[in-house]
Amino acid sequence: MTGLVGAGGAGFPTHIKLKSRPEILILNAAECEPLLHKDKEILSLYTDQVLDGMRMAMDMTGAMKGIIGIKAKQKALISELDKRLNGKIRLEPVGDFYPAGDEVTLVHLTTGRIVPPGALPVQAGCLVQNVETLYNLASGTPVTEKWLTVAGAVEKPATIKVPVGILIRDVLSHFRITASPAIVRSGGLMMGKVEPDLDAPVTKTTNGLIVLPAGHSLSGIYQRYSDSGATVRTAMASCDQCSFCTELCPRYLLGYPVRPETAMRNLLFGRNQVETVHPGNAFCCECNLCTLYACPEGLDPKNATVMEKRITRKKEVTEARPAKPHPMLPYRKVPISRLKQRLGVSGFPDQGPFESIEWRPERVCIPLLQHIGKPAVPCVKEGDRVQRGQMIGRPDGDASSAVHASINGLVSKVTEREIMLLRQT
Ligand code: SF4
Ligand code: SF4
């Protein structure tokens, strides 16, 4: 009832994950979205608390082993962790590439196991938990704060801790933005989304806010492919079926039957229909590497694959069978430094030291759906006074999660989607 959900971005309710019985609990400290640093900061500042959370999760699930998957370049942090580990938990340094922090990739990197297509990591005996999730688990209190990195075209990038529900506009007002006009990418350059509304709230799964000049090449790509018509038109006009998108696809390289070039071929010939989709594309993890890194023509195989994924889901095709990694897997990892160059963000400072800020937002907006599953159900009404940490939305059954007030305030609006609170001291 603390409203704990996976803080890595997916928002899977943690209480469900903790009911599984894995052999190994993996701490995902291999944050790989360019320019984001919040997991590293939490683990550096609260090493003991995160390890406590890891041990609690191991006790709750019965996992006999723990592995910390962490970038090998984090030498000082690895040394600190090493001093604190017992026989049950070990460190597994991984390379600095994208998407090392994807949980299926991390399971393979740290254990050599392959999560079968369509299955959860627990079917490979593993449970993967994000650093912030375990930090929150150890705190034992309702989730009312969110860690995130603010980076890109800002004078001093930083990792901060904000009240859940604070408006993005209020967060950015603490930073000097060095580009105008600018766009804001929420979540990450690769897997996040452009935030059209700065009055949108920070949720339990917002990991970062990246500011980009509106004229930046990435801003243009995000804008172009926000319209599926552009994905189709450019596929028909320019895809030469070179297959680079497939050859660099992390899921394909792990042996999954994902082939983005087949999705492009279907668009090329106007055959994006139930009968023609490649069923294996249902296992695309939407990492965006094919569109933002691999394709030499600047096309959009990611969204083409996602279109097929939606059709395939309708067909209810599943292929949960063991996969065998491609022999070229070790040689086709995309280093973060090369990815940053390709994205055109090498010029932005790649750091996010923690900055302590006392936030006193006038209002917060708490969405009732900040997780995978059913939305929470409001349990307050307009005019109620609430205290920080008080439950204001209760879970709607087991596949749901509670939400809590992140400030002391007055309930000013309750809808099916959100609860607005105004600050009161
Ligand atoms: S989408 Fe790009 S990378 Fe993929 S086959 Fe077409 S041209 Fe090649
Ligand atoms: S987004 Fe592209 S590269 Fe990533 S898993 Fe999907 S098809 Fe593969």
Side-chain angles (χ1 to χ4, degrees), residues 9-10 32-34 97-109 114-119 121 185 187-193 217-218 221-222 224-226 228-272 276-313 317 319 323 325-326 328-329 331-336 338-339 342-343:
C32 63
E33 274 276 1
F97 69 92
Y98 182 85
D102 160 62
E103 64 176 18
V104 170
T105 301
L106 193 64
V107 166
H108 183 247
L109 285 171
I114 298 272
V115 178
R185 180 89 168 170
L189 293 171
M190 298 300 286
M191 295 190 71
K193 61 170 183 160
S217 56
L218 263 186
I221 294 170
Y222 295 148
R224 186 180 326 137
Y225 295 129
S226 62
S228 62
T231 303
V232 176
R233 278 194 305 278
T234 53
M236 294 177 84
S238 311
C239 179
D240 59 13
Q241 289 289 286
C242 68
S243 299
F244 284 6
C245 48
T246 294
E247 295 298 330
L248 279 175
C249 168
R251 284 288 186 273
Y252 168 77
L253 290 167
L254 276 174
Y256 281 40
V258 179
R259 299 193 66 105
E261 106 278 10
T262 63
M264 293 300 277
R265 188 157 62 232
N266 278 332
L267 293 182
L268 190 59
F269 294 112
R271 298 188 312 187
N272 191 24
T276 56
V277 296
H278 173 61
N281 286 339
F283 306 116
C284 162
C285 66
E286 305 185 23
C287 70
N288 231 340
L289 207 52
C290 49
T291 291
L292 296 179
Y293 184 83
C295 179
E297 310 286 349
L299 308 183
D300 189 20
K302 179 247 179 173
N303 279 321
T305 309
V306 171
M307 283 181 206
E308 291 216 339
K309 191 171 166 177
R310 294 202 186 106
I311 294 172
T312 307
R313 273 209 193 121
V317 172
E319 262 186 67
H326 192 288
M328 292 302 285
L329 172 66
Y331 311 104
R332 291 201 191 145
K333 293 182 173 145
V334 175
I336 297 292
R338 289 236 306 269
L339 179 61
R342 182 86 165 98
L343 298 176

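All ligand and atom numbering here is 1-based and tracks the order in the structure. Just so you know, residue 1 is the first one in the sequence shown, and it goes up from there.
- Classified by interplanar angle (parallel below 30°, tilted 30° to 60°, perpendicular above 60°), the ring pair Y252/H326 is tilted.
- At distances below 3.5 Å, not a single donor-acceptor pair connects side-chain atoms of S238 with backbone N or O atoms of A235.
- Here R265 contributes atom CZ and S243 contributes atom OG; the two are 7.5 Å apart, rounded to the nearest 0.5 Å.
- Between the side chain of E33 and the backbone N or O of M191 there is at least one donor-acceptor pair closer than 3.5 Å.
- Within the protein, the N, O or S atoms lying under 2.8 Å from atom 8 (Fe) of ligand 1 are C242 SG.
- Proximity of a side-chain donor or acceptor of N288 to a complementary backbone N or O of M190 within less than 3.5 Å is detected.
- Under 4.0 angstrom from ligand 2, the non-hydrogen atoms of N288 all belong to its backbone.
- Heavy-atom contacts of V258 reach the following atoms of ligand 2: 7 (S) (cutoff under 4.0 Å).
- The neighbour count for Y222 OH, taken as heavy atoms of other residues, nucleotides or ligands under 6.0 Å away, is above 12.
- Judged purely by distance below 3.5 Å, without hydrogens or angles, the side chains of S228 and N303 never pair a donor atom with an acceptor atom.
- Between the side chain of H278 and the backbone N or O of P257, at least one donor-acceptor pair lies under 3.5 Å.
- Within the 4.0 Å heavy-atom criterion, both parts of C285, backbone and side chain, lie near ligand 2.
- Y98 places a side-chain N or O within donor-acceptor distance of the main-chain N or O of C287, the cut-off being under 3.5 Å.
- Not one N, O or S atom of C284 sits under 2.8 Å from atom 4 (Fe) of ligand 2.
- Between R251 and D102, at least one side-chain nitrogen of the basic residue sits less than 4.0 Å from a carboxylate oxygen of the acidic one, meeting the salt-bridge criterion.
- Within the 2.8 Å limit, C249 places at least one N, O or S atom next to atom 8 (Fe) of ligand 2.
- Residue P250 approaches ligand 2 through these ligand atoms, each under 4.0 Å from one of its heavy atoms: 3 (S).
- Protein heavy atom closest to atom 4 (Fe) of ligand 2, with residue, atom name and distance, is C287 SG, 2.4 Å.
- Regarding atom 2 (Fe) of ligand 2, its nearest protein heavy-atom neighbour is C290 SG, 2.3 Å.
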